[in-house]
Engineer: 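Below: one structure in structure tokens.
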Amino acid sequence: MESDFSYSAEGRIAHAHIDRVMGTRFDLVIPDIAEAAARLLWESLCDWLQASDLLLDRFNAESEVARLNAGKADSPSAALSEWIEIGERYRELTGGLFSVRAGGQLDFGGLAKGVAVRHAKTLLQSRGVLNAYIDFGGSAILGLGHHPYGPEWKVSVRDPFRGGVLMEAGLRDLALSTSGNTPGYSGHIVNPLSGEKCVSRTLVCVTAEDPVDAEVLSTTLMIASDEQKDKVTGFFPSAKVRIFEL
């Protein structure tokens with residue numbers, strides 16, 4: 001896993017990224033931090049991301065998830081069991097509309113980025129970082145504290161079919177998750193209760209304090225009926241939802 005770290009001594013701003021982890025790009029910006037502290041924090045985060053990627057990547061035959069799915073391992077390790085427990089909690093909250101088990105196979109695609117952003121948030125706060133911005137693949141975003149030149153971190157969500165801005169979100173200690181189909185990527189969200197793929201031209205945007213809540217809810221609402229949406233969102237009272245039919 002290749003990562004890049006840069007630091008502006010004049011602005012005391014660190015910017016680091018990994019081009020590909022958990023199938024996409026991870027970016028981190030931390031203003032008002034010493035270079036040594038930022039490097040140590042980034043190294044810790046990279047270690048966690050790499051270990052999690054090796055654990056969860058179902059397309060890597062050597063990962064634990066791939067070996068379990070192939071019947072080459074008898075039971076999950078303690079590390080993977082923690083991930084499964086998180087998935088089970090959200091399965092219960094969503095009435096089974098969200099699950100890390102699809103057709104008897106483990107798949108953490110709708111959970112991993114949210115957990116990663118949550119872990120990064122906890123790590124940053126434990127090191128005394130008050131302000132930071134995380135963008136994980138453009139669909140899992142966290143604005144911690146405020147932008148160096150404003151009261152919050154501004155994020156725009158674009159229409160993947162027609163272009164243009166659908167909405168703007170101001171993130172201050174908030175996560176934003178976006179789930180949906182695009183012209184080149186559709187049918188990746190599957191209803192675990194029916195096995196049916198979602199192919200509608202829908203985009204769901206959720207802001208919440210917890211990045212995992214945001215990711216799970218945005219995924220779930222892609223496949224939920226109107227009645228199910230009302231019920232599920234009731235378990236996430238602090239979340240704000242925008243649904244766009246494109």
Side-chain angles (χ1 to χ4, degrees), residues 22-24 52 55-58 65 68-69 76 79-122 134 136-142 157 166-167 169 171 174-182 185-246:
M22 296 184 182
T24 189
S52 298
L55 184 74
L56 304 175
D57 186 359
R58 61 193 178 95
V65 163
L68 277 167
N69 286 343
L80 185 58
S81 292
E82 290 182 7
W83 283 87
I84 293 173
E85 287 175 9
I86 296 172
E88 283 299 300
R89 174 178 176 269
Y90 283 101
R91 183 189 64 78
E92 293 173 2
L93 285 174
T94 61
L97 287 171
F98 177 86
S99 178
V100 296
R101 301 180 188 273
Q105 301 280 292
L106 286 170
D107 181 355
F108 292 88
L111 185 74
K113 287 188 291 184
V115 174
V117 175
R118 177 201 277 172
H119 175 82
K121 176 184 177 181
T122 301
I134 296 170
F136 203 170
S139 62
I141 296 172
L142 174 71
V157 177
L166 290 172
M167 63 169 279
L171 304 181
L174 277 179
L176 167 68
S177 177
T178 303
S179 295
N181 292 311
T182 69
Y185 190 46
S186 181
H188 55 287
I189 298 175
V190 179
N191 187 325
L193 299 177
S194 67
E196 183 179 356
K197 293 181 179 180
C198 174
V199 294
S200 64
R201 287 177 42 154
T202 303
L203 200 69
V204 179
C205 300
V206 177
T207 57
E209 292 181 5
D210 187 332
V212 190
D213 284 358
E215 183 177 28
V216 169
L217 191 53
S218 69
T219 301
T220 300
L221 295 180
M222 282 291 297
I223 58 173
S225 67
D226 289 342
E227 182 180 352
Q228 290 168 330
K229 287 173 185 174
D230 290 340
K231 185 175 181 179
V232 170
T233 53
F235 292 109
F236 302 87
S238 66
K240 294 184 178 180
V241 177
R242 293 283 303 275
I243 299 178
F244 300 93
E245 302 296 341
L246 308 173

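Residues take their numbers from the sequence shown, with the count starting at 1. Remember, predicted model here, so these are calculated numbers, not experimental data.
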Engineer: State, to 0.1 Å, how close Val206 and Ala239 come at their nearest heavy-atom pair, and which atoms those are.
Structural biologist: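 What the structure gives for the nearest pair is CG1-CB, 4.0 Å.
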Engineer: Mind checking the CG-OG1 spacing from Leu93 to Thr220? Nearest 0.5 Å is all I need.
Structural biologist: 9.5 Å
Engineer: So which of Glu227, Gln228, Lys229 actually passes side-chain hydrogen bond (donor to acceptor under 3.5 Å, both in side chains) with Ser225?
Structural biologist: Gln228
Engineer: Taking atom CD of Glu209 as the centre, report whether more than 12 heavy atoms of other residues, nucleotides or ligands fall under 6.0 Å from it.
Structural biologist: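 Count not over threshold, so no.
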Engineer: Tell me, do Val117 and Glu215 make a side-chain contact under 4.5 Å, heavy atoms counted?
Structural biologist: no
Engineer: Nearest 0.5 Å, please: how far is CG in Leu56 from CG in Asp107?
Structural biologist: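 Output value for this atom pair is 10.0 Å.
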Engineer: Contact between Leu111 and Phe98 at the side-chain level, heavy atoms closer than 4.5 Å - yes or no?
Structural biologist: yes
Engineer: With rounding to the nearest 0.5 angstrom, report the CD to CG distance, Glu82 to Leu55.
Structural biologist: 10.0 Å
Engineer: Counting distance only, does the side-chain N/O of Gln105 pair as donor-acceptor with the main-chain N or O of Asn69 below 3.5 Å?
Structural biologist: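 Looks like yes, one N/O pair under 3.5 Å.
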Engineer: Might you work through the side chain to side chain contact (heavy atoms under 4.5 Å, CB included) test for Leu174 and Lys240, ending with a clear yes or no?
Structural biologist: CA-CA 11 Å; Leu174 277 179; Lys240 294 184 178 180; over 6 Å; no
Engineer: After noting the C-alpha distance and the side-chain angles of Leu106 and Arg101, does the key distance pass the side chain to side chain contact (heavy atoms under 4.5 Å, CB included) rule?
Structural biologist: CA-CA 5 Å; Leu106 286 170; Arg101 301 180 188 273; 3.9 Å; yes
Engineer: Quick one: pull up OG1 in Thr219 and NE2 in His188 and give me the separation to the nearest 0.5 Å.
Structural biologist: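 Those atoms lie 7.5 Å apart.
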Engineer: Does Glu245 CD have over 12 foreign heavy atoms under 6.0 Å away?
Structural biologist: yes
Engineer: Angle between ring planes, Phe108 versus Trp83, binned at 30° and 60°: parallel, tilted or perpendicular?
Structural biologist: perpendicular
Engineer: Going by heavy atoms in the side chains, are Leu221 and Thr202 under 4.5 Å from each other?
Structural biologist: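 Counting from C-beta outward, Leu221 and Thr202 never come under 4.5 Å.
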Engineer: Please lay out, stage by stage, how Leu217 and Asp213 fare under the test side chain to side chain contact (heavy atoms under 4.5 Å, CB included).
Structural biologist: CA-CA 6 Å; Leu217 191 53; Asp213 284 358; 5.9 Å; no
Engineer: Taking atom SG of Cys205 and atom CE of Met167, what is their separation to the nearest 0.5 Å?
Structural biologist: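 Interatomic distance, Cys205 SG to Met167 CE, rounded to 0.5 Å: 5.0 Å.
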Engineer: Would Met222 and Asn181 count as a side chain to side chain contact (heavy atoms under 4.5 Å, CB included) here? Give the steps.
Structural biologist: CA-CA 9 Å; Met222 282 291 297; Asn181 292 311; 3.9 Å; yes
Engineer: Rounded to the nearest 0.5 Å, how far apart are CG of Leu97 and CD1 of Ile223?
Structural biologist: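 That separation rounds to 5.0 Å.
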Engineer: Check whether any side-chain heavy atom of Glu88 lies under 4.5 Å from a side-chain heavy atom of Arg91, and answer yes or no.
Structural biologist: yes
Engineer: Identify the heavy atoms of Ser186 and Val199 that sit nearest to each other, and give their distance.
Structural biologist: OG-CA, 3.7 Å
